[in-house]
Amino acid sequence: MKDMAVTATVTGTLNLPIIDLSSPHRFSTASSIRQACVEYGFFYLVNHGVDEDFLNQAFEESAKFFSLPIQHKINLRRKDYRGYTPLYAEKLDTTSLSQGDSKESYYIGPLTDATSVRLNPWPSQGELGSNEEICGASAHSDYGMITLLLTNGVPGLQICKDKLKQPQVWEDVPHVEGAMIVNIGDMMERWTNCLYQSALHRVMPTGKERYSVAFFMDPPSDCVVECFESCCSESSPPRFPPIRSEDYLNEKFKLTYDSERNLQCSI
């Protein structure tokens with residue numbers, strides 16, 4: 001994903017909790033993750049064990065792909081939520097009147113699942129050449145369960161901890177070298193009856209290209225998402241009805257990609 005955005009007012013820096021996966025104190029680590037999910041919906045993850053060379057290669061390949069001419073990228077256009085999504089085709093802030101987000105994305109599914117593998121389109125090596133486009137992401141909370149995020153170090157990510165408060169207060173999330181950024185999504189909020197709250201976040205400008213790689217961890221499509229028994233009671237009944245994971249995500253994707261209909265004739 002390559003993104004940049006329009007100007008915005010900096011409102012301060014947010015010091016998110018840092019969770020060290022190498023810590024031998026498992027119960028203390030679990031407690032810290034819980035507290036982070038309750039208070040922020042976001043945290044850093046260090047000593048996660050993902051190979052640094054592999055991550056660098058992911059960003060190098062991202063830069064190659066997004067620098068391709070639009071004619072090449074559009075051949076790999078998204079089908080069944082896999083593939084290339086051009087500028088303005090996504091609208092993460094569905095309450096906004098804008099035509100869509102000025103960002104480009106490229107989505108793939110699991111590489112070990114035969115069904116998903118067939119849906120993953122790939123550019124040929126001959127195509128990897130160089131018009132760069134500048135992009136950004138509007139305010140949104142992630143739809144699924146958990147998101148793991150890595151960036152190329154360029155800042156721009158901001159979080160609004162209290163999404164119901166008006167006016168919204170946004171804080172910068174600084175880059176921590178070697179750390180993943182983890183955040184919970186709306187599905188986890190439903191499961192925990194809003195004990196864990198998905199936080200609004202957006203990407204704002206820095207004057208530099210910003211690349212990010214996001215891994216969305218979601219349950220199987222037939223999983224029923226309903227409030228955990230430990231998160232509800234007579235005095236605090238479930239706030240959301242049960243729903244299949246696939247139905248819930250499809251609902252959300254429809255809203256996100258509504259703006260794409262207006263884009264068809266312009267490409």
Side-chain angles (χ1 to χ4, degrees), residues 1-16 18 40 42-46 48 50-74 76 84-93 96 98-108 123 127-142 147-161 168-183 199-216 256 259:
M1 189 182 297
K2 182 183 82 170
D3 46 36
M4 262 188 167
V6 293
T7 57
T9 303
V10 176
T11 55
T13 299
L14 183 61
N15 294 316
L16 291 174
I18 298 177
Y40 299 94
F42 270 80
F43 55 91
Y44 295 108
L45 199 62
V46 297
H48 43 70
V50 182
D51 183 71
E52 186 177 351
D53 290 338
F54 174 77
L55 296 177
N56 290 336
Q57 185 181 0
F59 284 113
E60 287 171 9
E61 294 301 320
S62 294
K64 288 179 185 178
F65 176 76
F66 287 114
S67 67
L68 290 172
I70 185 64
Q71 294 86 349
H72 292 267
K73 290 183 286 189
I74 214 65
L76 299 166
Y84 173 66
T85 302
L87 289 167
Y88 309 113
E90 291 182 338
K91 189 176 179 180
L92 295 173
D93 183 357
S96 169
S98 67
Q99 63 175 322
D101 289 353
S102 56
K103 74 180 181 75
E104 297 175 277
S105 304
Y106 188 79
Y107 296 99
I108 60 171
E127 291 178 310
L128 299 174
S130 53
N131 295 334
E132 297 183 20
E133 291 173 332
I134 296 176
C135 319
S138 58
H140 66 286
S141 56
D142 290 350
T147 302
L148 307 179
L149 180 72
L150 288 158
T151 76
N152 63 339
V154 174
L157 179 63
Q158 293 185 336
I159 292 176
C160 174
K161 285 187 295 184
Q168 292 175 340
V169 176
W170 293 92
E171 297 174 277
D172 290 323
V173 178
H175 175 69
V176 173
E177 191 63 35
M180 284 184 182
I181 296 174
V182 181
N183 66 278
L200 281 180
H201 50 287
R202 65 184 185 184
V203 174
M204 300 306 286
T206 60
K208 297 180 181 178
E209 282 191 334
R210 180 181 180 275
Y211 288 85
S212 62
V213 176
F215 180 72
F216 302 104
T256 298
S259 58

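When reading the values below, keep in mind they use all heavy atoms of this one structure, side chains included, and skip hydrogens, waters and symmetry mates. In this chain, residues are counted from 1 in sequence order.
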Visitor: Is it the case that the side chain of H48 and the backbone of G178 share a donor-acceptor pair, with hydrogens and angles ignored and the cut-off at 3.5 Å?
Guide: yes

Visitor: List the steps, then state whether side chain to side chain contact (heavy atoms under 4.5 Å, CB included) holds for L16 with V176.
Guide: CA-CA 10 Å; L16 291 174; V176 173; over 6 Å; no

Visitor: Determine, stepwise, if the pair L150 / M180 fulfils side chain to side chain contact (heavy atoms under 4.5 Å, CB included).
Guide: CA-CA 5 Å; L150 288 158; M180 284 184 182; 3.7 Å; yes

Visitor: Is it true that the side chains of D142 and H201 contain a donor and an acceptor less than 3.5 Å apart?
Guide: yes

Visitor: Distance from K161 atom NZ to F42 atom CZ, nearest 0.5 Å?
Guide: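 The NZ atom of K161 sits 12.5 Å away from the CZ atom of F42.
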
Visitor: May I ask you to decide if the ring planes of Y84 and F65 are parallel, tilted or perpendicular, using 30° and 60° as cut-offs?
Guide: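 Y84 vs F65 ring planes: perpendicular.
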
Visitor: Roughly how far apart are E61 CD and N56 CG, rounded to 0.5 Å?
Guide: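 Going from the CD atom of E61 to the CG atom of N56 covers 12.0 Å.
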
Visitor: Taking all atoms of both residues into account, what is the closest heavy-atom pair of L149 and S212, and its distance?
Guide: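 That would be CD1-CB, 3.8 Å.
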
Visitor: Nearest 0.5 Å, what's the NE2-OG distance between H72 and S67?
Guide: 10.5 Å

Visitor: Roughly how far, to the nearest 0.5 Å, is the OG1 atom of T13 from the CD1 atom of I159?
Guide: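 Interatomic distance, I159 CD1 to T13 OG1, rounded to 0.5 Å: 11.5 Å.
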
Visitor: Can you tell me how far the OG1 atom of T85 sits from the NZ atom of K73, to the nearest 0.5 Å?
Guide: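 One finds 11.5 Å between OG1 of T85 and NZ of K73.
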
Visitor: Which heavy atom of L14 sits nearest a heavy atom of P174, and at what distance?
Guide: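 Nearest heavy atoms, L14 then P174: O-CD, 3.5 Å.
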
Visitor: Working to the nearest 0.5 angstrom, can you tell me the gap between Y88 OH and E104 CD?
Guide: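 Rounded to the nearest 0.5 Å, the OH-CD separation comes to 10.5 Å.
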
Visitor: Just to verify, which of R202, R210, E171 counts as forming a side chain to side chain contact (heavy atoms under 4.5 Å, CB included) with L157?
Guide: R210

Visitor: Identify the two heavy atoms, one from L92 and one from K103, that lie closest to each other, and give their separation to 0.1 Å.
Guide: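 Nearest heavy atoms, L92 then K103: CD1-CE, 3.6 Å.
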
Visitor: Could you check if a side-chain atom of F43 sits within less than 4.5 angstrom of a side-chain atom of I18, using non-hydrogen atoms only?
Guide: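 F43 vs I18: side chains apart.
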
Visitor: Given side chain to side chain contact (heavy atoms under 4.5 Å, CB included), test Y211 with T151 step by step and report yes or no.
Guide: CA-CA 6 Å; Y211 288 85; T151 76; over 6 Å; no

